[in-house]
Number of protein chains: 2
Amino acid sequence: MSSDRTRSAILAAAEKLYADRGFGDVTLRDIVAEANVNLAAVNYHFGSKDELIAELFVTRSLATNRERLNELKLAEEQGGGRAPIDAILHALVGPPLRGCLGPDREGSTAARFMIRASIESVPPIRRIKNREVDHLRKFIAAMRRSLPGRDDAELYWGLHFALAMTHHTIREKERLTKLSEGQCDLNDVDAIVDRVVSVSVMALTAGQTPAKKASVRPAAVHGRLTRQDL
Amino acid sequence: MSSDRTRSAILAAAEKLYADRGFGDVTLRDIVAEANVNLAAVNYHFGSKDELIAELFVTRSLATNRERLNELKLAEEQGGGRAPIDAILHALVGPPLRGCLGPDREGSTAARFMIRASIESVPPIRRIKNREVDHLRKFIAAMRRSLPGRDDAELYWGLHFALAMTHHTIREKERLTKLSEGQCDLNDVDAIVDRVVSVSVMALTAGQTPAKKASVRPAAVHGRLTRQDL
DNA sequence: TTGCAATTCAAACAGTTGTATGAAACTATC
DNA sequence: GATAGTTTCATACAACTGTTTGAATTGCAA
């Protein structure tokens, strides 16, 4: 068994540089300089530059997906196989938002890397994102169980909009802060999650009868379920 | 006055190639080959590759912004200086959605170029997008007039989410079609616009008193205002 | 027609990029 | 301590990039 000190030094250096400067202008030579390893080490350990990027992104997004499914499973167990819709959405949007936002995440290389990956869309990352459909289908299935009456199309739109708000908030947090002149607090992650969840629930339950509508727990009271549970 | 046949041939060729293959792997040599002009013509007419990209993007996004402001102005005039909130949001999200979606837009180079510009984020385009804040402030001002009671932060979040749904729908239309197995109709642009507007209105008016809430016209009845009015 | 500016052109430039090579250094096993 | 396999290293490679140059061509005005 080899000491993979070189390997992980490359991973760490690459993640840091990509997080700081984006994929566009970081070369292999920048990475090996930061990692204090030889240029040929990247191709030796990863095969190619793209495979290095892919490994970085897969690692981080697997972690997010795992968090999501844990939280979903927990919610479904608590609901006897049928989780409330706001809990499902909370499981969907909470992990990426918590992973990328918040004051403690400011210095996190992983967070800034994922934000970069969300903004710039390089080929190896795009390829991986396209395989994410299966993962999302699990949430559609849970939503179907939670809202048995709704058309499937409505569920897809609801999930789509939930992800829209999530990713756009991550991508454009800087611009929203600037536009709102600081009036939108991008550091209060729990509040943001609740906001996204509650709008998503509204999108999904609009047009429902008042009786059904009232049975949906508001997102705010769901705040118990945080990172500690995962 | 010079015949700018070369200039516009470059613009057309560049837009087409960027639309088809993305910014990542289109070189100046590809562009001049497509345009049947000399390599040096790009630098002669535009100064640099980045300035060419910038000019392409500025042209298209100025058109969108003009449409937006026209529609906003019309709505405010009809409302005596105070447009209904759904009309404001319609003016915000309608133009980009109509510009990029719909069956007739499938073959449009301009549409596909703007989708690319939305997916890949190259430096010259990012620089331009960052100047968009002033444009958005006009919509915040209109929203403030429309919903005088609301906190500014709420208005910013509402606008932010409206743009989130708009851009994410444009960016991920392919994936949503795939995920929903065709059950989400990405060709019915008017329905999508109404959907985005109505969710945005809900986000903005949540927590209002029922009396105030009822005074908001549902987005669907606003469908009269389409491209013909602009 | 002459003269002048605007435009086009072929060619080269200067730099960077990811990758491959083959020898050297290391590590663990016998 | 010899050996075999793994890892590191300096270096070269081959291709591609946006940009520049200076001469040739064109178009227009006097």
Separation of [X] atom [atom1] from [N] atom [atom2], in whole Å?
| X | N | atom1 | atom2 | value |
| --- | --- | --- | --- | --- |
| A:Asp30 | C:dT17 | CG | P | 7 Å |
| B:Asp4 | C:dA6 | CG | C1' | 13 Å |
| B:Arg5 | C:dT8 | CZ | P | 8 Å |
| B:Arg7 | C:dA6 | CZ | C1' | 14 Å |
| A:Ile10 | C:dG18 | CD1 | C1' | 14 Å |

Notebook entry, point to check: What is the per-nucleotide protein-contact pattern of nucleotides 18-25 of chain D, from the 5' end, where B denotes a base atom under 4.0 Å from a protein heavy atom, S denotes such proximity for sugar-phosphate atoms only, and - denotes neither?
Noted result: BBBB----
Notebook entry, point to check: Distance check: side-chain N/O of A:His45 vs OP1/OP2 of D:dT6, anything under 4.0 Å?
Noted result: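 A:His45 to D:dT6 OP1/OP2: no side-chain N or O under 4.0 Å.
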Next item on the list: Check whether any side-chain N or O of B:Thr6 sits under 4.0 Å from OP1 or OP2 of C:dT7, and answer yes or no.
Entry: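 Checking B:Thr6 against C:dT7: no side-chain N or O falls below 4.0 Å of OP1 or OP2.
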Next item on the list: Could you tell me whether the side chains of B:His90 and B:Glu71 share a donor-acceptor contact shorter than 3.5 Å?
Entry: yes
Next item on the list: Verify the distance criterion only: is there a donor paired with an acceptor across the side chains of A:Ser121 and A:Arg126 at less than 3.5 Å?
Entry: yes
Check: Quick check: does any side chain N or O of A:Arg7 sit under 3.5 Å from a backbone N or O of A:His45, one acting as donor and the other as acceptor?
Finding: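 Looks like yes, one N/O pair under 3.5 Å.
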Note to self: On a heavy-atom basis, which atom in B:Arg137 and which in A:Leu179 lie closest, and how many Å separate them?
What the structure shows: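 Smallest heavy-atom distance, with atoms named: NH1-O, 2.7 Å.
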Check: What residues form a ring-ring contact (aromatic ring centres under 6.0 Å, His included) with B:Phe23, not counting sequence neighbours?
Finding: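 Listed in chain order: B:Tyr18, B:Phe113.
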Notebook entry, point to check: Could you go step by step and tell me if B:Asp30 and B:Arg21 meet the side-chain contact (heavy atoms from CB on, under 4.5 Å) rule?
Noted result: CA-CA 11 Å; B:Asp30 294 332; B:Arg21 293 159 34 190; 2.9 Å; yes
